[in-house]
Amino acid sequence: MDFPIKEEIKAFFVRLWFSGLVCYLVLWGSGVSRDFLDLLLLLPLAHFICDLFLTNPIIKSVFKTRLNLQKKYSEMNSFQHIKIWLYTYLETFLCVLLVIGIYEGINRFILMITLADKTSVPFPVECFGYAFIYTFVYYIFYFFKYKFMLNLLQGRNDVSDF
């Protein structure tokens with residue numbers, strides 16, 4: 001099944017906006033970034049809630065993307081709901097871990113090159129950069145899931161019971 005690239009790009013920008021929104025509300029609006037444990041619990045939870053109830057329903061209803069391959073929410077049984085929720089939370093948790101690692105790696109690399117003070121943060125978290133990095137990492141999982149895993153493991157093009 002082919003999906004128009006324009007629709008995927010539009011969906012990318014919607015997801016980008018919501019990722020920036022989560023960064024603005026959670027990282028800037030609260031003191032979560034001061035405590036690493038809170039950051040690992042609340043930031044994936046905020047992304048999970050935003051994806052589950054805002055981003056994915058908007059993208060499914062407005063654009064023709066790979067998300068439309070999933071069954072409609074009202075047609076799923078409770079086991080499928082739980083499976084989707086667990087996978088979505090795991091995916092957002094891994095995305096947040098990778099984003100934190102990317103920020104840490106970029107900052108350490110800049111500090112190593114510039115030989116600046118180790119306590120400084122040369123590349124701080126801001127909404128636009130965070131949204132791009134998070135969305136990029138998310139789409140790595142997204143395309144891997146829909147392009148390779150479902151077709152490879154199930155051996156079919158109909159993935160509606162995912």
Side-chain angles (χ1 to χ4, degrees), residues 1-30 32-33 39-106 123-162:
M1 182 174 224
D2 269 347
F3 298 96
I5 193 74
K6 288 182 184 180
E7 298 290 311
E8 292 284 352
I9 291 172
K10 291 175 190 175
F12 170 82
F13 283 113
V14 169
R15 191 167 301 280
L16 183 75
W17 189 85
F18 278 110
S19 299
L21 176 74
V22 168
C23 175
Y24 180 74
L25 293 176
V26 175
L27 289 178
W28 282 12
S30 66
V32 166
S33 59
L39 182 70
L40 282 180
L41 291 175
L42 293 178
L43 191 58
L45 184 63
H47 275 291
F48 168 71
I49 291 170
C50 185
D51 280 349
L52 195 64
F53 297 112
L54 291 173
T55 311
N56 289 345
I58 289 172
I59 290 174
K60 277 182 182 181
S61 64
V62 176
F63 306 114
K64 183 181 177 191
T65 63
R66 288 173 177 84
L67 280 177
N68 293 338
L69 293 174
Q70 292 179 354
K71 275 185 178 179
K72 291 183 181 172
Y73 194 77
S74 60
E75 297 173 358
M76 293 183 192
N77 62 27
S78 59
F79 178 72
Q80 289 171 329
H81 287 178
I82 293 170
K83 188 168 71 169
I84 291 291
W85 292 349
L86 287 175
Y87 180 78
T88 304
Y89 185 76
L90 178 67
E91 187 177 29
T92 56
F93 185 78
L94 290 175
C95 285
V96 167
L97 275 180
L98 285 173
V99 169
I100 291 170
I102 288 171
Y103 265 105
E104 186 71 25
I106 288 172
F123 186 60
V125 175
E126 47 84 27
C127 295
F128 191 70
Y130 177 85
F132 263 106
I133 293 172
Y134 178 83
T135 306
F136 178 74
V137 170
Y138 178 85
Y139 270 97
I140 288 173
F141 285 116
Y142 175 80
F143 284 115
F144 182 71
K145 175 174 66 175
Y146 285 107
K147 188 73 171 174
F148 299 110
M149 291 304 290
L150 292 176
N151 288 334
L152 186 70
L153 291 177
Q154 295 178 352
R156 60 181 186 192
N157 289 330
D158 179 27
V159 289
S160 60
D161 66 338
F162 177 73

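If you're wondering where the values come from, they're calculated on a predicted model, not measured in any experiment.
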Q | Those residues that, when tested against E104, pass side chain to side chain donor-acceptor pair (under 3.5 Å) (two or more places apart) | A | R108
Run the side-chain contact (heavy atoms from CB on, under 4.5 Å) test against [X] and tell me which residues pass, sequence neighbours left out.
| X | answer |
| --- | --- |
| I49 | L45, F53 |
| I9 | I5, F13 |
| L54 | F18, C50 |
| V125 | C23, L27, Y103, Y130 |

Q.
Check the orientation of Y139 and F12. Use parallel for under 30°, tilted for 30 to 60°, and perpendicular for over 60°.
A. tilted
Q: Using the side-chain contact (heavy atoms from CB on, under 4.5 Å) rule, take V22 and Y134 through it: C-alpha gap first, then chi angles, then the decisive distance, then the call.
A: CA-CA 11 Å; V22 168; Y134 178 83; over 6 Å; no
(Q) Can you confirm whether N56 sits close enough to R15 that some side-chain heavy atom of one is under 4.5 Å from a side-chain heavy atom of the other? (A) yes
Q) Which residue pairs pass the salt bridge (Lys or Arg N to Asp or Glu O under 4.0 Å) test when at least one of the two sits in residues 126-139, sequence neighbours left out? A) none
Q: State the CG-NE2 distance between L21 and H47, to the nearest 0.5 angstrom.
A: 9.5 Å
Q: Hey, could you give me the CZ/CD1 distance between F136 and I133, rounded to the nearest 0.5 Å?
A: 10.0 Å
Q. Ring pair (Phe, Tyr, Trp, His ring centres under 6.0 Å) with F128: which residues, sequence neighbours excluded?
A. F132
Q: Report, as yes or no, whether the 6.0 Å neighbourhood of atom CZ on F141 holds more than 12 heavy atoms from other residues, nucleotides or ligands.
A: yes
**Q.** Nearest heavy-atom neighbours spanning G20 and A131
**A.** N-CB, 3.5 Å
Would you give me the side-chain donor-acceptor pairs under 3.5 Å for residues 90-101, sequence neighbours excluded?
| unit_1 | atom_1 | unit_2 | atom_2 | d |
| --- | --- | --- | --- | --- |
| T92 | OG1 | T88 | O | 3.1 |
| T92 | OG1 | Y89 | O | 2.9 |

